[in-house]
Amino acid sequence: MSTESSEMRYEFGKNWSRFAKKSFSQERVDIAAKHMMSLLKRDNLEGVRFLDIGCGSGIHSLAAFQAGAAEVRSFDYDPNSVETTQKMWEFAGRPDNWTIERGDVLDDAYVASLGTWDLVYSWGVLHHTGDVWKAVENARKRVAEGGTFYIALYAADVQPDPDFWLRIKQEYNQASETKRRRMEAWYVWTYMLNRRPWRLPHLGWRMVHHRMTRGMSLFTDIRDWLGGWPMEFVYDQDVIDRMKETGLQLENIKTGEACSEYVFRDGRTPVSPAA
Ligand SMILES: C[S@@+](CC[C@H](N)C(=O)[O-])C[C@H]1O[C@@H](n2cnc3c(N)ncnc32)[C@H](O)[C@@H]1O
(Lines give C-alpha, C1' and ligand atoms only; values in the text may rest on other atoms or scores of the structure.)
Protein backbone atom coordinates (compact mmCIF):
# COMPACT_ATOMS: atom_id res chain seq x y z
CA MET A 1 0.00 0.00 0.00
CA SER A 2 1.91 2.98 -1.15
CA THR A 3 1.58 6.72 -1.25
CA GLU A 4 3.25 7.92 -4.41
CA SER A 5 3.38 11.54 -3.31
CA SER A 6 6.88 11.78 -1.86
CA GLU A 7 7.50 15.39 -2.89
CA MET A 8 5.73 16.40 0.33
CA ARG A 9 7.78 15.50 3.41
CA TYR A 10 7.06 15.77 7.12
CA GLU A 11 9.66 17.68 9.17
CA PHE A 12 10.47 14.76 11.48
CA GLY A 13 13.59 16.49 12.76
CA LYS A 14 11.71 19.44 14.29
CA ASN A 15 9.62 17.00 16.28
CA TRP A 16 12.77 15.19 17.48
CA SER A 17 14.42 18.44 18.41
CA ARG A 18 11.38 19.34 20.53
CA PHE A 19 11.40 15.87 22.12
CA ALA A 20 15.07 16.24 23.04
CA LYS A 21 14.51 19.70 24.55
CA LYS A 22 11.34 18.89 26.47
CA SER A 23 11.40 15.21 27.28
CA PHE A 24 14.92 13.79 27.11
CA SER A 25 16.17 11.95 30.20
CA GLN A 26 18.59 9.15 31.04
CA GLU A 27 15.56 7.18 32.24
CA ARG A 28 14.17 7.23 28.69
CA VAL A 29 17.53 6.04 27.28
CA ASP A 30 17.53 3.16 29.77
CA ILE A 31 13.99 2.19 28.76
CA ALA A 32 14.95 2.39 25.05
CA ALA A 33 17.96 0.15 25.73
CA LYS A 34 15.86 -2.35 27.67
CA HIS A 35 13.36 -2.60 24.83
CA MET A 36 16.10 -3.02 22.24
CA MET A 37 17.87 -5.72 24.29
CA SER A 38 14.63 -7.61 24.88
CA LEU A 39 13.93 -7.84 21.13
CA LEU A 40 17.55 -8.78 20.43
CA LYS A 41 17.56 -11.24 23.37
CA ARG A 42 20.88 -9.84 24.55
CA ASP A 43 22.13 -8.21 27.75
CA ASN A 44 24.43 -5.73 26.05
CA LEU A 45 26.05 -4.81 22.73
CA GLU A 46 29.67 -5.25 23.77
CA GLY A 47 31.90 -5.52 20.71
CA VAL A 48 29.04 -4.92 18.29
CA ARG A 49 29.29 -2.39 15.43
CA PHE A 50 25.92 -0.63 15.27
CA LEU A 51 24.44 1.23 12.30
CA ASP A 52 21.36 3.38 13.03
CA ILE A 53 19.47 4.26 9.84
CA GLY A 54 17.10 7.20 10.34
CA CYS A 55 18.35 7.92 13.85
CA GLY A 56 15.68 10.59 14.59
CA SER A 57 16.25 11.87 18.14
CA GLY A 58 19.43 9.77 18.46
CA ILE A 59 18.19 8.23 21.70
CA HIS A 60 18.54 4.69 20.33
CA SER A 61 22.07 5.32 19.07
CA LEU A 62 22.85 6.63 22.53
CA ALA A 63 21.29 3.52 24.07
CA ALA A 64 23.45 1.32 21.80
CA PHE A 65 26.56 3.30 22.70
CA GLN A 66 25.83 2.97 26.42
CA ALA A 67 25.15 -0.75 25.95
CA GLY A 68 28.80 -1.11 24.92
CA ALA A 69 28.69 -1.01 21.10
CA ALA A 70 32.24 -1.01 19.69
CA GLU A 71 31.28 1.54 17.07
CA VAL A 72 28.10 3.52 16.33
CA ARG A 73 27.24 5.24 13.10
CA SER A 74 23.99 7.21 12.85
CA PHE A 75 22.49 8.94 9.90
CA ASP A 76 19.24 10.64 9.00
CA TYR A 77 17.80 12.48 6.03
CA ASP A 78 16.57 15.40 8.13
CA PRO A 79 19.25 17.92 9.26
CA ASN A 80 17.33 18.60 12.48
CA SER A 81 17.44 14.90 13.36
CA VAL A 82 21.20 14.95 12.71
CA GLU A 83 21.60 17.99 14.96
CA THR A 84 19.50 16.41 17.72
CA THR A 85 21.53 13.19 17.53
CA GLN A 86 24.68 15.30 17.83
CA LYS A 87 23.29 16.58 21.14
CA MET A 88 22.99 12.96 22.29
CA TRP A 89 26.61 12.43 21.25
CA GLU A 90 27.61 15.44 23.35
CA PHE A 91 25.62 14.01 26.26
CA ALA A 92 27.63 10.78 25.82
CA GLY A 93 30.91 12.74 26.18
CA ARG A 94 31.67 13.16 22.45
CA PRO A 95 33.02 9.63 21.93
CA ASP A 96 35.36 9.00 18.96
CA ASN A 97 33.68 5.72 18.10
CA TRP A 98 30.29 7.35 17.32
CA THR A 99 29.83 9.12 13.99
CA ILE A 100 26.75 11.11 12.96
CA GLU A 101 25.91 12.49 9.55
CA ARG A 102 23.18 13.41 7.14
CA GLY A 103 22.39 10.60 4.69
CA ASP A 104 19.62 9.11 2.61
CA VAL A 105 18.94 5.39 2.78
CA LEU A 106 17.67 5.58 -0.82
CA ASP A 107 21.02 6.95 -2.05
CA ASP A 108 22.74 3.79 -3.35
CA ALA A 109 26.25 5.24 -3.53
CA TYR A 110 26.09 6.74 -0.03
CA VAL A 111 24.64 3.57 1.49
CA ALA A 112 27.26 1.36 -0.23
CA SER A 113 30.01 3.60 1.20
CA LEU A 114 28.91 2.66 4.74
CA GLY A 115 30.27 -0.90 4.47
CA THR A 116 28.70 -3.65 6.53
CA TRP A 117 27.71 -3.73 10.20
CA ASP A 118 27.10 -6.37 12.87
CA LEU A 119 23.78 -4.82 13.80
CA VAL A 120 21.76 -2.70 11.39
CA TYR A 121 18.93 -0.94 13.21
CA SER A 122 16.21 1.06 11.52
CA TRP A 123 13.12 1.68 13.62
CA GLY A 124 10.10 3.32 12.01
CA VAL A 125 12.10 4.77 9.12
CA LEU A 126 12.06 2.73 5.93
CA HIS A 127 8.29 3.17 5.39
CA HIS A 128 8.79 6.97 5.47
CA THR A 129 11.19 7.15 2.52
CA GLY A 130 8.72 7.02 -0.38
CA ASP A 131 10.07 3.62 -1.54
CA VAL A 132 9.83 1.16 1.32
CA TRP A 133 11.13 -1.92 -0.50
CA LYS A 134 14.15 -0.20 -1.97
CA ALA A 135 14.90 1.25 1.49
CA VAL A 136 14.59 -2.22 3.08
CA GLU A 137 16.85 -3.69 0.41
CA ASN A 138 19.50 -0.96 0.82
CA ALA A 139 19.43 -1.31 4.60
CA ARG A 140 19.61 -5.10 4.42
CA LYS A 141 22.77 -4.93 2.27
CA ARG A 142 24.59 -3.23 5.15
CA VAL A 143 24.22 -6.34 7.34
CA ALA A 144 27.55 -8.16 7.76
CA GLU A 145 27.81 -11.92 7.38
CA GLY A 146 26.19 -13.48 10.41
CA GLY A 147 24.94 -10.05 11.47
CA THR A 148 21.57 -8.87 12.72
CA PHE A 149 18.92 -6.75 11.04
CA TYR A 150 16.44 -5.08 13.42
CA ILE A 151 13.71 -3.06 11.72
CA ALA A 152 10.24 -1.75 12.54
CA LEU A 153 7.69 -1.04 9.83
CA TYR A 154 4.08 0.15 9.83
CA ALA A 155 1.97 -2.99 9.66
CA ALA A 156 -0.86 -3.22 7.15
CA ASP A 157 -2.07 -6.23 9.19
CA VAL A 158 -3.30 -4.10 12.11
CA GLN A 159 -4.54 -1.12 10.15
CA PRO A 160 -8.25 -1.41 9.29
CA ASP A 161 -8.32 1.71 7.13
CA PRO A 162 -4.90 2.71 5.80
CA ASP A 163 -6.39 5.00 3.14
CA PHE A 164 -8.14 7.05 5.82
CA TRP A 165 -4.83 7.65 7.62
CA LEU A 166 -2.99 8.43 4.42
CA ARG A 167 -5.57 11.15 3.73
CA ILE A 168 -5.28 12.51 7.29
CA LYS A 169 -1.50 12.66 6.95
CA GLN A 170 -1.70 14.61 3.72
CA GLU A 171 -4.13 17.03 5.34
CA TYR A 172 -1.86 17.44 8.39
CA ASN A 173 1.18 18.17 6.25
CA GLN A 174 -0.67 20.83 4.28
CA ALA A 175 -2.19 22.41 7.40
CA SER A 176 -1.19 25.61 9.20
CA GLU A 177 0.33 25.31 12.69
CA THR A 178 -3.06 26.19 14.21
CA LYS A 179 -4.85 23.53 12.22
CA ARG A 180 -2.17 21.00 13.15
CA ARG A 181 -2.79 21.68 16.87
CA ARG A 182 -6.54 21.20 16.23
CA MET A 183 -5.90 17.90 14.48
CA GLU A 184 -3.71 16.73 17.35
CA ALA A 185 -6.50 17.63 19.79
CA TRP A 186 -8.99 15.77 17.58
CA TYR A 187 -6.73 12.69 17.64
CA VAL A 188 -6.41 12.74 21.43
CA TRP A 189 -10.16 13.32 21.88
CA THR A 190 -11.15 10.58 19.44
CA TYR A 191 -8.53 7.88 19.90
CA MET A 192 -7.08 8.45 23.37
CA LEU A 193 -10.25 9.57 25.23
CA ASN A 194 -12.79 7.80 22.99
CA ARG A 195 -14.78 11.08 23.13
CA ARG A 196 -15.35 10.59 26.88
CA PRO A 197 -13.95 13.39 29.05
CA TRP A 198 -14.00 11.23 32.17
CA ARG A 199 -11.29 9.10 30.55
CA LEU A 200 -8.78 11.92 31.17
CA PRO A 201 -6.95 9.97 33.93
CA HIS A 202 -6.56 7.18 31.38
CA LEU A 203 -4.60 9.61 29.20
CA GLY A 204 -2.10 10.06 32.03
CA TRP A 205 -1.75 6.30 32.24
CA ARG A 206 -1.24 6.09 28.46
CA MET A 207 1.56 8.66 28.67
CA VAL A 208 3.38 6.68 31.34
CA HIS A 209 2.80 3.39 29.54
CA HIS A 210 4.11 4.91 26.30
CA ARG A 211 7.27 6.14 28.01
CA MET A 212 7.85 2.78 29.69
CA THR A 213 7.46 0.84 26.44
CA ARG A 214 10.25 2.38 24.36
CA GLY A 215 11.30 5.56 26.13
CA MET A 216 9.35 7.76 23.73
CA SER A 217 6.83 10.55 24.40
CA LEU A 218 3.16 9.97 23.58
CA PHE A 219 2.66 13.48 22.18
CA THR A 220 5.85 13.37 20.07
CA ASP A 221 4.64 10.08 18.62
CA ILE A 222 1.12 11.43 17.98
CA ARG A 223 2.61 14.28 15.91
CA ASP A 224 4.89 11.80 14.18
CA TRP A 225 1.91 9.55 13.41
CA LEU A 226 -0.28 12.37 12.07
CA GLY A 227 2.54 13.99 10.12
CA GLY A 228 4.76 11.08 9.07
CA TRP A 229 4.97 11.39 5.31
CA PRO A 230 5.74 9.85 2.88
CA MET A 231 4.25 6.72 4.29
CA GLU A 232 3.61 3.10 3.32
CA PHE A 233 2.12 0.13 5.15
CA VAL A 234 3.44 -3.39 4.58
CA TYR A 235 2.24 -6.85 5.57
CA ASP A 236 4.33 -8.79 8.09
CA GLN A 237 4.47 -11.89 5.94
CA ASP A 238 5.70 -9.94 2.89
CA VAL A 239 8.58 -8.59 4.94
CA ILE A 240 9.48 -12.05 6.25
CA ASP A 241 9.27 -13.64 2.78
CA ARG A 242 11.33 -10.95 1.10
CA MET A 243 14.03 -11.10 3.76
CA LYS A 244 14.14 -14.89 3.54
CA GLU A 245 14.92 -14.56 -0.17
CA THR A 246 17.98 -12.50 0.77
CA GLY A 247 19.25 -15.09 3.24
CA LEU A 248 17.84 -13.59 6.44
CA GLN A 249 16.10 -15.79 8.99
CA LEU A 250 13.50 -14.34 11.33
CA GLU A 251 14.73 -14.59 14.93
CA ASN A 252 12.13 -12.53 16.73
CA ILE A 253 9.01 -10.54 15.90
CA LYS A 254 6.69 -8.27 17.86
CA THR A 255 3.34 -7.56 16.27
CA GLY A 256 0.00 -6.06 17.25
CA GLU A 257 1.14 -2.43 17.48
CA ALA A 258 1.17 0.16 14.69
CA CYS A 259 4.74 -0.89 13.88
CA SER A 260 5.76 -4.53 13.69
CA GLU A 261 9.29 -5.13 14.92
CA TYR A 262 11.46 -7.76 13.24
CA VAL A 263 14.84 -9.16 14.21
CA PHE A 264 16.51 -11.12 11.40
CA ARG A 265 19.81 -12.95 11.36
CA ASP A 266 22.03 -13.29 8.33
CA GLY A 267 22.47 -17.02 7.69
CA ARG A 268 26.03 -16.79 6.32
CA THR A 269 29.02 -17.82 8.42
CA PRO A 270 29.21 -15.51 11.41
CA VAL A 271 32.33 -13.40 11.47
CA SER A 272 31.33 -10.84 14.05
CA PRO A 273 30.71 -10.56 17.77
CA ALA A 274 27.04 -10.01 16.95
CA ALA A 275 26.79 -13.68 15.95
C1 LIG B 1 9.54 8.00 12.79
S2 LIG B 1 11.15 8.64 12.81
C3 LIG B 1 12.02 7.32 13.66
C4 LIG B 1 13.28 7.79 14.34
C5 LIG B 1 14.02 6.75 15.17
N6 LIG B 1 14.51 5.66 14.36
C7 LIG B 1 13.18 6.22 16.29
O8 LIG B 1 12.96 5.02 16.38
O9 LIG B 1 12.75 7.02 17.14
C10 LIG B 1 11.67 8.43 11.13
C11 LIG B 1 13.05 9.03 10.83
O12 LIG B 1 13.45 8.59 9.53
C13 LIG B 1 14.10 9.65 8.87
N14 LIG B 1 14.09 9.40 7.43
C15 LIG B 1 13.04 9.52 6.58
N16 LIG B 1 13.43 9.23 5.33
C17 LIG B 1 14.76 8.92 5.38
C18 LIG B 1 15.72 8.55 4.40
N19 LIG B 1 15.39 8.45 3.12
N20 LIG B 1 16.98 8.28 4.81
C21 LIG B 1 17.31 8.40 6.12
N22 LIG B 1 16.45 8.76 7.09
C23 LIG B 1 15.18 9.01 6.73
C24 LIG B 1 13.29 10.85 9.30
O25 LIG B 1 13.96 12.06 9.08
C26 LIG B 1 13.03 10.55 10.77
O27 LIG B 1 14.02 11.11 11.61
Side-chain angles (χ1 to χ4, degrees), residues 2-3 5-20 23-24 28-29 31-33 35-36 39 50-64 72-88 100-114 119-142 149-155 165 169 172-173 210-211 213-233 254 257-262:
S2 112
T3 66
S5 153
S6 56
E7 62 282 354
M8 188 167 71
R9 189 176 269 278
Y10 175 60
E11 321 86 359
F12 286 100
K14 278 191 191 157
N15 203 26
W16 291 127
S17 167
R18 184 170 167 176
F19 166 76
S23 308
F24 174 75
R28 287 189 191 269
V29 187
I31 296 167
H35 180 83
M36 192 189 286
L39 263 285
F50 180 89
L51 176 65
D52 189 356
I53 298 179
C55 49
S57 66
I59 192 175
H60 305 283
S61 290
L62 177 58
V72 176
R73 189 153 176 179
S74 324
F75 76 87
D76 199 288
Y77 184 93
D78 190 315
N80 282 312
S81 295
V82 174
E83 200 182 302
T84 306
T85 302
Q86 275 158 350
K87 299 246 164 65
M88 300 296 157
I100 302 152
E101 67 213 351
R102 180 163 185 262
D104 181 353
V105 70
L106 295 180
D107 178 341
D108 296 336
Y110 166 70
V111 174
S113 77
L114 296 169
L119 173 51
V120 174
Y121 177 83
S122 191
W123 211 105
V125 175
L126 307 171
H127 51 228
H128 283 313
T129 57
D131 190 345
V132 64
W133 294 119
K134 178 174 174 163
V136 170
E137 189 188 322
N138 277 1
R140 187 272 173 265
K141 285 185 189 153
R142 296 306 107 219
F149 191 39
Y150 178 177
I151 55 174
L153 297 169
Y154 272 129
W165 287 109
K169 282 159 179 285
Y172 185 89
N173 276 284
H210 201 82
R211 187 178 80 231
T213 308
R214 207 174 154 253
M216 307 315 285
S217 142
L218 181 64
F219 287 98
T220 302
D221 284 1
I222 287 173
R223 284 190 292 274
D224 190 290
W225 167 249
L226 289 172
W229 190 274
M231 168 77 174
E232 291 168 80
F233 294 95
K254 186 167 180 291
E257 305 284 337
C259 277
S260 289
E261 296 181 74
Y262 313 81

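Since the model is a prediction, treat every value here as computed from it, not as a measurement. Read the numbers this way: they start at 1 and go in the same order the structure lists the ligands and their atoms.
- Scanning the protein heavy atoms around atom 10 (C) of ligand 1, the nearest turns out to be Gly124 O, 3.4 Å.
- By the 4.5 Å heavy-atom criterion applied to side chains, Val136 and Leu153 are counted as neighbours.
- Of the heavy atoms in Arg102, none comes closer than 4.0 Å to ligand 1.
- When non-hydrogen atoms are compared, ligand 1 lies under 4.0 Å from the side chain of Asp224 (C-beta onward) but not from its backbone.
- The residue among Thr220, Leu126, Asp76, Asn15 with a heavy atom at the shortest distance from atom 25 (O) of ligand 1 is Asp76.
- Inspection of the Asp221 and His210 side chains reveals an N or O donor paired with an N or O acceptor under 3.5 Å.
- Within the 3.5 Å criterion, the main-chain N or O of Gly56 finds a donor-acceptor partner in the side chain of Thr85.
- Heavy-atom proximity to His60, at under 4.0 Å, picks out these atoms of ligand 1: 7 (C), 8 (O), 9 (O).
- The salt bridge (charged side-chain N to carboxylate O under 4.0 Å, His left out) contacts involving residues 123-134 comprise Asp108-Lys134, where partners must be two or more places apart or lie in separate chains.
- Taking every non-hydrogen atom of Arg9 and a distance limit under 4.0 Å, the qualifying atoms of ligand 1 come out as 16 (N).
- Ranking protein heavy atoms by distance to atom 22 (N) of ligand 1, first place goes to Tyr77 N, 3.2 Å.
- Between the His128 side chain and the Pro230 main chain, a donor and an acceptor come within less than 3.5 Å of each other.
- In this structure, the separation between OG on Ser81 and CZ on Phe19 is 12.0 Å, given to the nearest 0.5 Å.
- With respect to atom 14 (N) of ligand 1, the closest heavy atom belonging to the protein is Val125 CG1, 3.9 Å.
- Among all protein heavy atoms, the one lying closest to atom 4 (C) of ligand 1 is Gly54 O, 3.4 Å.
- Ligand 1 is approached by Gly103 to a heavy-atom distance shorter than 4.0 Å.
- Among all protein heavy atoms, the one lying closest to atom 19 (N) of ligand 1 is Asp104 OD1, 2.8 Å.
- When non-hydrogen atoms are compared, ligand 1 lies under 4.0 Å from the backbone of Cys55 (N, CA, C, O) but not from its side chain.
- Protein heavy atom at the shortest distance from atom 3 (C) of ligand 1 is Trp123 O, 3.4 Å.
- Ser17 contributes no side-chain N or O that, together with a main-chain N or O of Gly13, makes up a donor-acceptor pair within less than 3.5 Å.
- Protein heavy atom at the shortest distance from atom 8 (O) of ligand 1 is Arg214 NH2, 2.8 Å.
- The side-chain contact (heavy atoms from CB on, under 4.5 Å) test applied to Glu261 returns His35, Leu39, Trp123, Tyr150, Ala152, Lys254, not counting sequence neighbours.
- A cation-pi geometry, defined here as NZ or CZ lying under 6.0 Å from the six-membered ring centre and within 45° of its normal, holds between Arg102 and Tyr77.
- Contact annotation for Met231 and ligand 1: no heavy atom of the residue comes within less than 4.0 Å of the ligand.
- Of all protein heavy atoms, the one lying nearest to atom 20 (N) of ligand 1 is Val105 N, 3.0 Å.
- Under a 4.0 Å criterion applied to the non-hydrogen atoms of Met216, ligand 1 contributes the atoms 9 (O).
- Taking the six-membered ring for Trp and the full ring otherwise, Trp225 and Tyr10 have centroids separated by 6.0 Å or more.
- Within ligand 1, counting atoms from 1 as listed, the ones closer than 4.0 Å to a heavy atom of Asp78 are 25 (O).
- Taking a 6.0 Å sphere around CD of Glu257, one finds it holds 12 or fewer heavy atoms contributed by other residues, nucleotides or ligands.
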